[in-house]
Amino acid sequence: DFYAKIEPTAAIPRFKGLQFKMSQKFLSHTLKANGIYGNNFIKIQDLRDEGAEYDIIESGGIVYAVGMSWKAHWTDILQSTLVIAGTGNTFDRFTYNPAYDTLIDNNIHSIGVDTFYFSDSWEDIQTLKAECALQLAQKNKMLIGTYLKRYEFNTNQVSKYDTLKDYTADTVNGIPVVDTSGKFKIFSENAQLHDTTFKYGAYISFILHAFDRFRLVPGFRVDKFAYNNFTSISPRFNSVFSINENLDFTTAFGLQYQDPELVDFSLDIRNKKLRSKQALTGIVEIEYYFNQWDIKLIIESFYKNYKNL
């Protein structure tokens with residue numbers, strides 16, 4: 001409140017939220033449910049006094065996440081987990097100059113709202129996941145799972161021409177297709193699209209104790225994103241060598257993929273060929289625990305290489 005009095009463009013966001021949590025055990029089974037809901041809004045005014053072309057920004061949205069898990073211990077060596085979840089977001093923004101009356105040739109004329117940017121987009125994701133853990137001999141363990149995700153998204157964005165980004169791209173008959181590196185571009189920020197798609201995959205990993213102080217954690221997963229028909233294969237590897245009870249040496253390697261934002265697909269039909277982003281990561285870490293002070297020291301070096309950004 002104090003800041004709002006001394007700064008004319010300051011605004012106080014409003015947020016409403018709700019959360020619930022439930023856990024129930026019966027025999028060797030555990031049932032859990034969690035949920036969260038949030039609604040936020042902020043309005044910033046008098047931006048033209050600060051040099052902006054527009055005067056007012058109204059921004060906010062709704063976010064929710066709800067899920068339920070069922071964890072079962074069937075035997076001493078076999079456990080399973082089933083998860084059902086849903087998440088959703090709305091993306092609401094309105095950037096504009098308000099309507100006003102002006103005097104022209106001694107006559108009052110009404111000037112309508114001048115919109116610079118408008119969005120009332122939303123997306124919902126439902127997830128079904130099943131996982132099985134198998135305890136092997138000598139403290140070794142295997143984890144295997146599969147999942148299915150359903151995406152539904154609605155993009156509705158309108159941008160004024162002078163707020164659009166300028167993209168340089170090769171053209172065919174005056175139509176931009178790809179840039180000079182061969183990557184598809186986002187051609188326009190005006191977008192209207194309502195669509196549904198799916199993603200599914202499977203994974204397997206192990207915890208292997210080669211000997212008392214050395215642990216290996218290899219893993220492998222395959223994912224298929226139906227909207228751009230992209231299949232990714234992601235190997236992962238982690239090792240931990242406990243030199244003594246206070247000192248650990250860790251190495252890790254992984255290949256990860258991140259799908260394009262759903263709104264990017266909406267901006268142009270040609271963006272349906274966008275590829276998922278790729279990150280190759282390598283980590284070397286030394287960890288030392290000081291018993292007398294209850295302090296942990298971690299020295300880490302990492303390498304990361306991105307593709308398809």
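One is the number of the first residue; the rest follow in order along the sequence.
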Please list all pairs passing the salt bridge (charged side-chain N to carboxylate O under 4.0 Å, His left out) test where one or both residues lie in residues 275-293, with sequence neighbours left out. E287-K296
Is any side-chain heavy atom of E152 less than 4.5 Å from a side-chain heavy atom of H194? yes
Does atom CH2 of W122 have more than 12 heavy-atom neighbours from other groups under 6.0 Å away? yes
Rounded distance [0.5 Å steps], CZ in R93 versus CD1 in I57: 4.5 Å
For the residue pair T197 and D195, establish whether any side-chain heavy-atom pair is separated by less than 4.5 Å. no
Calculate, to the nearest 0.5 Å, the distance between atoms CD1 and CG belonging to I36 and N34 respectively. 9.5 Å
Scan side-chain atoms only and decide if Q157 and S121 contain a donor-acceptor pair under the 3.5 Å cut-off. no
Are P218 and S205 close enough that some pair of their side-chain heavy atoms sits under 4.5 Å apart? no
Roughly how far apart are Y306 OH and Q258 CD, rounded to 0.5 Å? 9.0 Å
In one Ile/Leu/Val/Met/Phe/Trp/Tyr side-chain cluster, 4.5 Å: I243, F214: yes
What is the distance from atom CG of N89 to atom CZ of F153, rounded to the nearest 0.5 Å? 14.5 Å
Go through the side-chain N and O atoms of Y289 and D294 and say whether any donor and acceptor fall under 3.5 Å apart. yes
Might you point out which heavy atoms bring E53 and N97 nearest each other, and give the distance in Å? O-ND2, 3.2 Å
Under 3.5 Å donor-acceptor pairs involving side-chain atoms of residues 18-26, not counting sequence neighbours:
none

From E58 CD over to K43 NZ, what is the distance, rounded to the nearest 0.5 angstrom? 4.5 Å
Do the side chain of N238 and the main chain of V217 share a donor and acceptor less than 3.5 angstrom apart? no
Do Y227 and D259 have side-chain N/O donor and acceptor atoms under 3.5 Å apart? no
Step-by-step ring pair (Phe, Tyr, Trp, His ring centres under 6.0 Å) determination, Y117 to Y54: CA-CA 10 Å; Y117 179 80; Y54 45 83; 9.9 Å; no
Tell me yes or no: between the side chains of Y288 and N244, is some donor less than 3.5 Å from an acceptor? no
Could you go through V83 and T127, starting from their C-alpha distance and side-chain angles, then the distance that decides it, and tell me whether this counts as side-chain contact (heavy atoms from CB on, under 4.5 Å)? CA-CA 8 Å; V83 177; T127 303; 5.9 Å; no
ILVMFWY cluster, L255 and F302 together (side-chain gap under 4.5 Å): no
Pairwise side-chain contact, V222 with T231, heavy-atom cut-off 4.5 Å (strictly under): yes
Atom pairs and distances, side-chain donor-acceptor, residues 135-148, under 3.5 Å, sequence neighbours left out:
from: Q135; atom 1: NE2; to: N140; atom 2: O; distance (Å): 3.3
from: N140; atom 1: OD1; to: H209; atom 2: N; distance (Å): 2.7
from: N140; atom 1: ND2; to: A137; atom 2: O; distance (Å): 3.1
from: T146; atom 1: OG1; to: G201; atom 2: O; distance (Å): 2.8
from: Y147; atom 1: OH; to: D223; atom 2: OD1; distance (Å): 2.5

Sequence-distant partners of K304, salt bridge (charged side-chain N to carboxylate O under 4.0 Å, His left out), two or more places apart: none
Using every non-hydrogen atom in the two residues, find where L82 and A130 come nearest and quote the distance to one decimal. CD1-CB, 4.2 Å
Indicate the atoms forming the closest heavy-atom contact of D124 with G88, along with that distance. OD1-CA, 3.4 Å
With a 4.5 Å heavy-atom cut-off, do I233 and F220 have their side chains touching? yes
M68 reachable from W70 in the ILVMFWY side-chain graph, under 4.5 Å edges: yes
Check side-chain hydrogen bond (donor to acceptor under 3.5 Å, both in side chains) between D120 and all other residues, then give those that pass, not counting sequence neighbours. N156
Residues passing the salt bridge (charged side-chain N to carboxylate O under 4.0 Å, His left out) test with K71, sequence neighbours excluded, are none
Under a 3.5 Å distance rule, please check whether S119 uses its side chain to pair with a backbone N or O of F91 as donor and acceptor. yes
Heavy-atom closest contact (F230 atom, S232 atom, distance): CE2-CB, 3.8 Å
Evaluate whether atom CG of D212 has more than 12 neighbouring non-hydrogen atoms of other residues, nucleotides or ligands under 6.0 angstrom away. no
Do F241 and F211 come within less than 4.5 Å of each other through their side chains, counting heavy atoms only? yes
Any idea which heavy atoms bring H29 and A72 closest together, and the distance? ND1-CB, 3.2 Å
Out of curiosity, does I84 fall in the hydrophobic cluster containing L31 (side-chain heavy atoms, cut-off under 4.5 Å, transitive links)? yes
Can you tell me how far OG1 of T155 sits from CG of L262, rounded to the nearest 0.5 angstrom? 7.5 Å
Could you go through V284 and Y303, starting from their C-alpha distance and side-chain angles, then the distance that decides it, and tell me whether this counts as side-chain contact (heavy atoms from CB on, under 4.5 Å)? CA-CA 9 Å; V284 176; Y303 168 84; over 6 Å; no
Starting from L47, can I reach F116 by hopping between I/L/V/M/F/W/Y residues whose side chains sit under 4.5 Å apart? yes
Contact summary for T90 and G61, nearest pair of heavy atoms: OG1-CA, 3.2 Å
May I ask you to test the F94-I56 pair for a side-chain heavy-atom distance under 4.5 Å? no
Quick one about K16 and N40 (side-chain donor to acceptor, distance below 3.5 Å, no hydrogens or angles considered), yes or no? no
Pair Y151 and F225, ring centroids less than 6.0 Å apart: yes
